[in-house]
Number of protein chains: 4
Amino acid sequence: MFKTLNIDTEKEDRIINAATKVFAENGYKRASTNAIVKEAGISKGILFHYFKSKKELYLSLYEHLSDMFAEKIYDRIDMEERDIFEIIRQVSVIKFELFSTYPDLINFLNSVFHEIDPEVKNEVDKIRENLTGSSFSKLFSNIDAGKFRKGIDVGKAIQVIYWTFEGFANQQQAKASSMSVADIYKEDILAELDSYTELLKKSFYK
Amino acid sequence: MFKTLNIDTEKEDRIINAATKVFAENGYKRASTNAIVKEAGISKGILFHYFKSKKELYLSLYEHLSDMFAEKIYDRIDMEERDIFEIIRQVSVIKFELFSTYPDLINFLNSVFHEIDPEVKNEVDKIRENLTGSSFSKLFSNIDAGKFRKGIDVGKAIQVIYWTFEGFANQQQAKASSMSVADIYKEDILAELDSYTELLKKSFYK
Amino acid sequence: MFKTLNIDTEKEDRIINAATKVFAENGYKRASTNAIVKEAGISKGILFHYFKSKKELYLSLYEHLSDMFAEKIYDRIDMEERDIFEIIRQVSVIKFELFSTYPDLINFLNSVFHEIDPEVKNEVDKIRENLTGSSFSKLFSNIDAGKFRKGIDVGKAIQVIYWTFEGFANQQQAKASSMSVADIYKEDILAELDSYTELLKKSFYK
Amino acid sequence: MFKTLNIDTEKEDRIINAATKVFAENGYKRASTNAIVKEAGISKGILFHYFKSKKELYLSLYEHLSDMFAEKIYDRIDMEERDIFEIIRQVSVIKFELFSTYPDLINFLNSVFHEIDPEVKNEVDKIRENLTGSSFSKLFSNIDAGKFRKGIDVGKAIQVIYWTFEGFANQQQAKASSMSVADIYKEDILAELDSYTELLKKSFYK
DNA sequence: GATGAATGAGTGTTCATTCAT
DNA sequence: CATGAATGAACACTCATTCAT
């Protein structure tokens with residue numbers, strides 16, 4: 001399942017959504033297959049017919065959703081863009097939108113990122129390497145270094161920019177966890193994000 | 001326990017160390033009280049005599065270790081220092097040293113930071129607010145804004161600096177998880193850290 | 001199935017072989033119909049189309065293989081022979097040969113013999129009575145009692161001879177389970193068997 | 001448990017008896033820990049507190065009961081006896097008595113003997129080697145070979161005697177499974193046993 | 001005839017928590 | 001204070017059997 005296109009997409013979707021939600025809310029260990037089948041409206045047996053173990057379900061789901069996530073990003077991003085701020089801004093906007101549309105998806109990917117359960121940690125890391133190794137570098141491979149001021153180590157500057165946007169996203173998400181989803185995607189947030197962009201441009205660019 | 005000074009400090013220490021280790025390695029849900037009492041060499045009964053539930057043990061431990069952690073930082077930091085890079089650098093160095101000496105402590109605090117189990121998430125957040133709300137602002141309350149170039153939003157610049165150091169620390173820790181502890185605290189790391197300092201100083205300072 | 005001649009003999013054979021193997025290795029309860037269909041390369045549905053339950057498959061298989069086994073014995077045995085040692089020796093040799101050729105068959109029949117699962121025990125016993133009741137007595141009905149020494153209870157002597165060969169066979173099989181099948185049928189074994197024959201002849205015969 | 005004397009002998013006994021019965025009636029795989037705890041009147045948890053798995057329970061039980069069984073035999077047997085028929089007769093009588101008193105015990109040991117479940121087969125064999133290796137040879141080490149007729153291979157004769165009594169016991173037990181326990185230990189059986197003794201003595205002894 | 005997805009009761013095992021000693 | 005035996009609900013997973021296709 002997940003790897004090949006399936007006719008019974010509707011049931012597949014129900015499993016994906018249910019598992020995503022339950023894992024996102026509880027982490028690997030606490031998430032119970034009982035909760036997943038209940039949420040998906042399927043029987044215990046069929047879950048283990050598709051996935052031979054909870055672990056396999058978790059890892060398949062991670063791989064599937066990571067792929068899907070990357071795909072959604074690349075679908076909408078302008079690959080000709082060579083300004084790093086513009087690239088990261090586009091990514092941020094897409095992430096925010098995805099979060100509004102599929103909050104569980106993002107929450108699941110975040111929770112996988114920080115999962116420490118030894119039962120899955122190693123495999124998660126292995127999958128992550130395959131994915132991000134390629135995608136991260138692809139995203140930033142095309143940057144126009146000519147825009148940076150002389151004397152600036154461009155590689156490190158990119159890191160600083162990346163960490164800034166990451167930190168900002170985390171900060172927003174921490175705030176968001178106490179809001180309703182409806183309030184999250186706002187002009188205010190983008191405005192604040194842009195003020196960071198401005199600060200860093202003023203500092204790093206010619 | 002933990003709040004009041006206890007005569008039986010030796011047993012208290014054994015519990016702290018055992019619980020820290022087991023929670024750090026497994027997260028809240030997967031950590032079993034059996035593993036903790038075994039590691040600590042105490043009986044099941046006495047653990048639940050001191051702490052009325054696993055949850056209370058977890059939260060008390062978090063509060064205790066957070067306090068201890070903050071204390072260790074403040075003990076060694078030069079509170080007269082007004083240069084933000086110097087402050088953060090000091091904090092970073094202390095963190096690295098603590099990690100070498102008490103790896104479980106840092107791993108526990110990190111795992112708590114990312115814990116999503118609904119059974120403890122809310123209380124963890126509440127405790128965190130109490131701690132960081134005060135300590136973070138105290139650390140940075142004294143910053144000399146005069147060093148920043150004109151037109152720079154100092155508050156945001158501080159955030160950028162903070163996120164940079166945080167991102168750097170995470171990056172190092174990810175690398176470190178595949179090294180032996182002995183190899184972690186090295187001149188190389190500090191040198192690289194300093195190159196980020198230099199980059200940011202060049203960009204933000206007059 | 002099994003009772004009537006079937007056109008699709010090839011599929012029938014695959015089921016027989018698969019079920020024999022899986023039941024032989026695991027006993028009734030532990031043997032799973034999944035393992036059988038997988039081994040046979042057939043679908044779940046068709047197995048339950050042919051046999052309405054696992055129990056029926058097991059009992060039919062037992063009956064079928066018992067019949068086949070008896071048939072193979074009677075096919076090759078000299079029915080004119082009236083010396084009990086010669087008869088039992090012939091049977092033993094045929095058994096050894098069958099075991100080399102169809103180890104699963106013998107292992108299955110042995111495992112059925114000792115099966116204690118209440119779900120099948122009664123029916124197994126009933127089938128066994130039908131078979132051995134007739135075949136055992138037929139085999140020994142023709143014995144030449146005149147060869148035995150006076151004063152010997154011939155019926156009991158036959159029992160002793162039978163138990164001896166049975167005990168010997170079990171002993172060899174226990175040894176054999178730690179050997180490769182290739183090493184089992186050997187002159188050594190027959191020589192040892194003959195030394196028991198000699199001992200009993202010397203003791204029971206005139 | 002089982003290895004050391006326990007104060008709570010009464011509960012231990014309930015577990016032993018319950019497990020013996022359930023395993024005896026169903027074999028390893030089919031026996032359910034649910035049935036055992038119900039029969040013993042204990043909770044699920046405490047069973048797994050004493051024995052970390054069903055497998056460990058099974059093997060411990062086998063070791064314990066084998067020991068106990070051997071002990072009961074050696075306690076009552078006359079170790080000075082040098083006549084093999086007398087020795088085997090004594091053992092048979094004790095076995096029959098034990099079977100009347102503790103039918104589950106004997107049934108359990110028999111079922112273990114023929115257990116083929118790969119999950120326990122190897123360990124069972126290992127335990128059996130430890131036990132029977134020593135006890136069987138001890139029992140027969142003292143035999144008076146002078147009583148046998150010249151030309152008789154004494155070692156093989158002993159095997160024949162042993163297999164005869166074993167075969168007889170199996171035959172009786174097969175009959176017994178369709179009788180009530182009350183009818184089993186009877187003069188008739190011993191009389192028949194003695195007629196086999198007589199036959200073999202007449203044949204093997206001077 | 002033939003498939004294999006689907007069911008749900010059943011399994012062995014874990015675990016926070018209690019309580020008699 | 002201190003112990004660890006005891007509980008029972010919850011867990012991941014299995015499996016004979018059914019049935020729509």
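Quick note on labels: first sequence line is chain A, next is B, and so on, each numbered from 1.
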Minimum heavy-atom distance between C:Ala19 and C:Leu61, given as atom pair plus value: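 Where C:Ala19 meets C:Leu61 most closely, the heavy atoms are CB-CD2, 3.6 Å.
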
Kindly indicate whether the side chain of A:Ile15, heavy atoms from C-beta on, has any atom under 4.5 Å from the side chain of A:Phe51.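 Of all side-chain heavy-atom pairs linking A:Phe51 with A:Ile15, at least one is under 4.5 Å.
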
Between [atom2] of [N] and [atom1] of [X], the distance in whole Å:
X        : N      : atom1 : atom2 : value
D:Glu12  : F:dA6  : CD    : P     : 11 Å
A:Ile36  : F:dC13 : CD1   : P     : 11 Å
A:Tyr50  : F:dC13 : OH    : P     : 18 Å
B:Glu119 : E:dT17 : CD    : P     : 7 Å
A:Phe51  : E:dA6  : CZ    : P     : 12 Å

Between [X] and [N], does any side-chain N or O lie under 4.0 Å from OP1 or OP2?
X       : N      : value
D:His49 : F:dA5  : yes
A:Lys11 : E:dA6  : yes
C:Asn34 : F:dC15 : no

Counting only heavy atoms and a strict 4.0 angstrom limit, can you tell me which residues of residues 22-33 of chain C come near DNA chain F?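 Hits under 4.0 Å, by residue number: C:Ala31, C:Ser32, C:Thr33.
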
Which residues, if any, of residues 38-48 of chain C bring a heavy atom under 4.0 Å of DNA chain F?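 Those residues whose heavy atoms fall under 4.0 Å from DNA chain F, taken from residues 38-48 of chain C in numerical order, are C:Lys44, C:Phe48.
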
Excluding sequence neighbours, so at least two apart, what forms ring pair (Phe, Tyr, Trp, His ring centres under 6.0 Å) with D:Tyr58?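 Ring pair (Phe, Tyr, Trp, His ring centres under 6.0 Å) check on D:Tyr58 returns D:Phe23, D:Tyr28, D:Phe108.
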
All ring pair (Phe, Tyr, Trp, His ring centres under 6.0 Å) counterparts of D:His49, not counting sequence neighbours: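 Partners of D:His49 by the ring pair (Phe, Tyr, Trp, His ring centres under 6.0 Å) criterion come out as none, since no residue qualifies.
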
Lys/Arg-Asp/Glu bridge criterion (N-O < 4.0 Å) met for B:Lys55, B:Glu119: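 No.
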
Charged N to carboxylate O below 4.0 Å: is that the case for B:Asp117 and B:Lys121?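 No, no charged N to carboxylate O under 4.0 Å.
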
Hey, is the main chain of A:Ala40 close enough, under 3.5 Å, to the side chain of A:Arg14 for a donor-acceptor pair?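 Yes, the answer is positive, given that a donor and an acceptor are paired below the 3.5 Å cut-off.
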
Got a donor-acceptor contact below 3.5 angstrom from the D:Lys54 side chain to the D:Ala31 backbone?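 The answer is yes, because a donor-acceptor pair under 3.5 Å joins these two groups.
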
Distance (rounded to the nearest 0.5 Å) between B:Leu109 CG and B:His114 NE2: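 Answer rounded to 0.5 Å: 12.0 Å.
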
Picking from F:dT17, E:dA6, E:dT13, which would you name as closest to the side chain of D:Lys54?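 Taking heavy atoms from C-beta onward, the closest nucleotide is E:dT13.
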
Does D:Lys38 have any salt bridge (charged side-chain N to carboxylate O under 4.0 Å, His left out) partners at least two apart in sequence or in another chain, and if so, which?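 Testing D:Lys38 for salt bridge (charged side-chain N to carboxylate O under 4.0 Å, His left out), a comparison that skips the adjacent residues, returns none.
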
Please walk me through it: do A:Lys29 and B:Asn26 pass side-chain hydrogen bond (donor to acceptor under 3.5 Å, both in side chains)? CA-CA 9 Å; A:Lys29 186 64 206 283; B:Asn26 298 285; over 6 Å; no

Roughly what angle, to 10°, lies between the helix axis at the start of the helix from E:dA2-F:dT21 to E:dT21-F:dA2 and the one at its end, five pairs per end?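 What I find for the helix from E:dA2-F:dT21 to E:dT21-F:dA2 is an axis angle of 0°.
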
